[in-house]
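Here's the structure we're looking at; comments come further down.
As the structure is a prediction and not an experimental result, all values here were calculated from the model. The sequence lines fix the lettering, A, B, ..., with proteins before strands; numbering per chain opens at 1.
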2 protein chains.
Amino acid sequence: MPTLSDVAKEANVSKMTVSRVINHPNQVTPELRKIVLEAMHRLNYHPNSAASALASNRTNVVKFVILEDIDTTEPYYMNLLFGIAQGLQKQQFALQLVRDAADVDKGNCDGYIITGARATDSDWLDKLKKPFVLFGENRYGYDFIDTDNKLGDQLATQYAIDRNYQSIIFMGIDEKEPFEYSREAGYINTLQKYKKIPRIFRVANHSRKAQDFITNNWKKFAPDTCFICASDRIAVGVVRAIQEKGGKIPKDFGVIGFDGVFLDQVSNPKLTTIKQPIFELGQSLATMILQKVAQNGAAQGELLMPPELIKRESTR
Amino acid sequence: MPTLSDVAKEANVSKMTVSRVINHPNQVTPELRKIVLEAMHRLNYHPNSAASALASNRTNVVKFVILEDIDTTEPYYMNLLFGIAQGLQKQQFALQLVRDAADVDKGNCDGYIITGARATDSDWLDKLKKPFVLFGENRYGYDFIDTDNKLGDQLATQYAIDRNYQSIIFMGIDEKEPFEYSREAGYINTLQKYKKIPRIFRVANHSRKAQDFITNNWKKFAPDTCFICASDRIAVGVVRAIQEKGGKIPKDFGVIGFDGVFLDQVSNPKLTTIKQPIFELGQSLATMILQKVAQNGAAQGELLMPPELIKRESTR
DNA sequence: TTGTACGCGTTATCAC
DNA sequence: GTGATAACGCGTACAA
């Protein structure tokens with residue numbers, strides 16, 4: 001396998017020039033750059049990431065910290081992880097999984113991707129010595145990437161309106177988290193455009209809880225109603241309750257979920273849902289932390305990625 | 001962060017001795033070793049994996065090659081991946097995901113973990129320049145790790161016998177793969193111990209196919225029968241067919257699945273199943289390839305890990 | 001059993 | 001804008 005020196009000889013330049021072409025291309029004249037690039041191509045040169053890591057005092061390792069108790073039967077994290085892995089791979093970075101906050105400091109790394117951070121985590125987040133980006137909205141100024149939750153339920157609500165459901169109800173998650181507020185905001189905003197009055201209920205994020213809630217309050221829900229749900233889990237529960245009560249889906253009752261990762265497809269009827277671009281979120285997380293590392297921890301801001309409305313059988 | 005030299009000074013030895021304590025501990029006297037280890041501990045020394053990788057001409061990267069078209073909604077691979085990642089992490093190795101055989105040669109690595117290899121893959125497997133281990137039984141002498149499939153269905157069949165089901169039927173997967181043969185062998189062996197005659201049917205690995213098969217052949221299955229299924233998917237289909245035909249589970253019909261990763265828990269009734277130790281399989285895969293790399297590709301043989309019988313509601 | 005000297009491939013510093 | 005030189009931290013001869 002050819003090295004930097006080989007390329008330098010081939011191109012009749014110094015190693016330094018080759019290195020610059022790789023890391024600081026604009027510090028070298030276009031002509032030279034071209035010559036070097038051609039030499040690299042001819043020799044099928046690939047940088048040795050270990051050597052580069054050593055020389056620049058990096059580890060080429062990014063830690064993926066999962067703070068929440070995850071359900072490994074949920075393919076959500078799988079997709080995220082695949083996206084992250086693929087994103088890191090482009091720059092030959094290693095991935096380490098950390099599932100316990102206590103392990104965060106064990107072993108070196110160049111940066112962190114953190115998911116499941118809550119308000120109370122800011123204590124130790126502020127003490128981290130390496131750059132990090134969060135997966136999931138936060139209101140503390142930390143760099144983050146998330147689905148555009150507000151847009152998601154704008155799409156959902158708009159669709160419910162377009163399908164002429166007379167009453168449109170939001171079934172939220174009973175947690176004071178930014179993503180929930182954003183989803184509710186998307187619902188409220190859109191309803192207001194049409195001068196409709198929002199009706200919001202909140203339950204724990206379990207299908208059973210949602211099902212029980214709907215069943216116990218069945219008389220509140222007249223036919224011609226669409227439920228905008230903050231998760232597919234809740235949507236599944238709502239569907240079951242409606243079926244149990246003999247309601248007709250999608251004719252008399254519409255149900256729209258959120259996530260689009262698994263439950264939407266196994267539900268019967270298949271759920272209309274807001275599908276999060278999870279794999280892409282993972283890729284972007286990787287890209288962002290790599291960039292932040294390259295820029296010595298410079299702030300990267302926030303990135304909201306647009307979800308997609310998937311039309312299926314739970315809406316008319 | 002302290003280096004090898006720092007430890008050497010602290011312990012009043014040469015760098016070489018410290019290096020040996022790390023890589024070839026038995027080449028150094030116990031007393032010296034102790035002194036060095038204490039020095040390492042005092043300084044909180046951690047080896048710089050980039051430097052070590054560079055010096056020993058390694059990359060510290062292992063590629064995980066997924067040859068089959070995987071269903072990302074199946075948590076199976078998630079668990080496997082988590083296990084692999086954790087195993088590699090112990091030695092600061094990076095993980096790269098490869099999902100296309102064409103990408104196998106792109107970029108360097110020290111070794112491969114390969115899943116989904118078929119007989120026809122041996123052409124290019126033989127040409128790989130770095131060591132590899134397979135996930136999944138094979139009969140070509142390649143190193144591999146898998147669940148002990150035979151043992152699994154020995155457990156299942158034995159349990160069916162213990163529960164006094166009069167007739168015990170095997171519902172296999174219609175594929176000529178080693179794992180399938182092993183599971184059938186476990187079933188057959190155990191039946192023979194009790195001088196019972198095996199009855200084997202095979203269908204595609206889909207719940208729908210299994211369901212249709214049972215439905216269409218319902219008259220062949222008298223009450224007091226237990227179905228040993230080669231996968232939870234098939235088991236789910238069998239359960240549905242029995243319910244559709246009005247059979248009583250588990251009183252008149254028992255069903256035992258295989259995998260224990262997800263479907264067994266969402267099925268109704270919950271499935272008695274043979275649970276594969278998937279996370280541990282992943283860890284072992286990592287350990288094996290790391291060892292093989294360390295030993296310059298020396299053969300590692302095969303490792304069959306014992307699955308577990310999970311008793312639930314689909315057997316009496 | 002232990003130590004010395006050098007090289008691994010790259011990047012940063014400083015000259016020119 | 002480009003090149004010489006010295007690190008980066010560790011492992012492998014080889015010598016003692």
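- Distance alone, capped at 3.5 Å, places no donor-acceptor pair between the A/R33 side chain and the A/V21 backbone.
- Contact annotation: the side chain of B/L125 approaches that of B/I114 to within less than 4.5 Å [non-hydrogen atoms, C-beta and beyond].
- Evaluation of the side chain to side chain donor-acceptor pair (under 3.5 Å) rule for A/N138 yields no partner, not counting sequence neighbours.
- Rounded to whole Å, atom P of D/dG9 lies 16 Å from atom CG of B/N60.
- In this structure, the CG atom of A/L54 is 12 Å from the P atom of C/dA12, given to the nearest Å.
- The aromatic rings of B/F262 and A/F262 sit perpendicular to each other, their planes meeting at more than 60°, with 30° as the lower class boundary.
- No side-chain donor-acceptor contact under 3.5 Å links B/Q295 to the backbone of B/V293.
- Relative to the side chain of A/S14, the nucleotides C/dT1, D/dG3, C/dT10 differ in distance, and D/dG3 lies closest.
- Between the CG atom of A/D110 and the C1' atom of C/dT11 there is a distance of 15 Å, given to the nearest Å.
- Note that B/K63 lies outside the cation-pi zone of B/F132, set by a 6.0 Å cut-off to the ring centre and a 45° limit from the axis.
- Between A/I278 and A/L80, the closest heavy-atom pair is CG2-N, 3.6 Å.
- Distances shown here put a side-chain N or O of B/T17 below 4.0 Å from the OP1 or OP2 atom of C/dG3.
- The separation between A/L32 atom CG and D/dG3 atom C1' is 11 Å, rounded to whole Å.
- Comment: A/E177 engages A/R118 in a salt bridge, judged by a side-chain N to carboxylate O separation of less than 4.0 angstrom.
- Note on the helix from C/dT1-D/dA16 to C/dC16-D/dG1: angle between the axes of the first and last five pairs equals 30°, rounded to 10 degrees.
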Reading nucleotides 11-16 of chain D from 5' to 3' and marking B where a protein heavy atom lies under 4.0 Å of the base, S where only the sugar-phosphate is that close, and - otherwise, the string is SB----
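- Atoms CZ (B/R33) and C1' (C/dT2) sit 14 Å apart, rounded to a whole Å.
- Comparing B/N26 and B/N57 by the nucleotide of DNA chain C that holds the closest heavy atom to each, the one mapping nearer the 5' end is B/N26.
- A/D143 contributes a side-chain N or O that, together with a main-chain N or O of A/G301, makes up a donor-acceptor pair within less than 3.5 Å.
- Atom-to-atom, NZ of A/K9 to C1' of D/dG3 comes out at 16 Å; the value is rounded to the nearest Å.
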